[in-house]
Amino acid sequence: QVDMVESGGGLVQAGESLRLSCTVSGESLYGHALSWFRQTPGKEREGVACIPWDESTSEYSDSVKGRFAISRDNTKRTLYLQMDDLKPEDTAMYYCARRWGAVCADSWTMEYTYKYWGQGTQVTVSS
């Protein structure tokens, strides 16, 4: 069993930054890619960023590329999402998730490829 707990969300103004964290307990992170998703009411959950086990090549959605950066510290069992130049359209509940496999690949946005999910942290960006 794995528990994933997000933190760092909040209310900010457009143009500001936030850093989300996701602390993972339970099973080892060894060999598993990690991702951030987000969801707004009435919409499907959207993949934001993915980082493979070896941190070789991360993937980002087009909407956040160049503004967000995903990172991980395996010794601290923590996943991060640095969000800069936030926009009102970034307002959402943000979730971390652990993939079944070690890489991101083309399927990283598919929810069924993830075994564990956190409960989410709310990010609200005002204009």
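Formation of a donor-acceptor pair under 3.5 Å by the His32 side chain with backbone atoms of Trp100 is found in this model. Under the 3.5 Å distance criterion, the side-chain polar atoms of Arg99 are left unmatched by any main-chain donor or acceptor of Lys115. Put simply, the side chain of Thr78 gets close to the backbone of Lys76: a donor and an acceptor are under 3.5 Å apart. Side chain of Arg77 to main chain of Val24: a donor-acceptor pair is present (N/O by atom type, distance under 3.5 Å, no hydrogens or angles). Checking side-chain atoms of Gln82 against main-chain N and O of Phe68 turns up no donor-acceptor pair under 3.5 Å.
With respect to Asp90 and Lys87, no salt bridge is recorded, no charged nitrogen being found less than 4.0 Å from a carboxylate O.
The two residues Tyr94 and Arg38 have their closest heavy-atom pair at OH-NH1, 2.9 Å.
Within the hydrophobic cluster formed by Ile, Leu, Val, Met, Phe, Trp and Tyr side chains joined at under 4.5 Å, directly or through other members, Met110 is accompanied by Tyr112. Using a 4.5 Å cut-off between side-chain heavy atoms of Ile, Leu, Val, Met, Phe, Trp and Tyr, Leu11 forms no hydrophobic cluster with any other residue.
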Less than 3.5 Å apart, which donor and acceptor atoms pair up between the side chains of residues 117-127 and the rest of the protein, not counting sequence neighbours?
{"from": "Thr121", "atom 1": "OG1", "to": "Gly9", "atom 2": "N", "distance (Å)": "3.2"}
{"from": "Gln122", "atom 1": "NE2", "to": "Ala92", "atom 2": "O", "distance (Å)": "3.4"}
{"from": "Gln122", "atom 1": "NE2", "to": "Thr124", "atom 2": "OG1", "distance (Å)": "3.4"}
{"from": "Ser126", "atom 1": "OG", "to": "Val12", "atom 2": "O", "distance (Å)": "3.4"}

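The ring-ring contact (aromatic ring centres under 6.0 Å, His included) analysis of residues 43-62, with sequence neighbours excluded, yields the pairs Tyr30-Trp53. Sequence neighbours left out, not one pair with a member in residues 69-91 passes ring-ring contact (aromatic ring centres under 6.0 Å, His included).
Taking the side-chain hydrogen bond (donor to acceptor under 3.5 Å, both in side chains) definition, one finds that Tyr95 meets it with nothing, sequence neighbours left out.
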Is there a side-chain contact (heavy atoms from CB on, under 4.5 Å) between Trp36 and Leu20 once you walk through the steps?
CA-CA 10 Å; Trp36 287 98; Leu20 305 184; 3.7 Å; yes
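The structure places OG1 of Thr109 at 12.5 Å from CZ of Arg45, a figure rounded to the nearest 0.5 Å.
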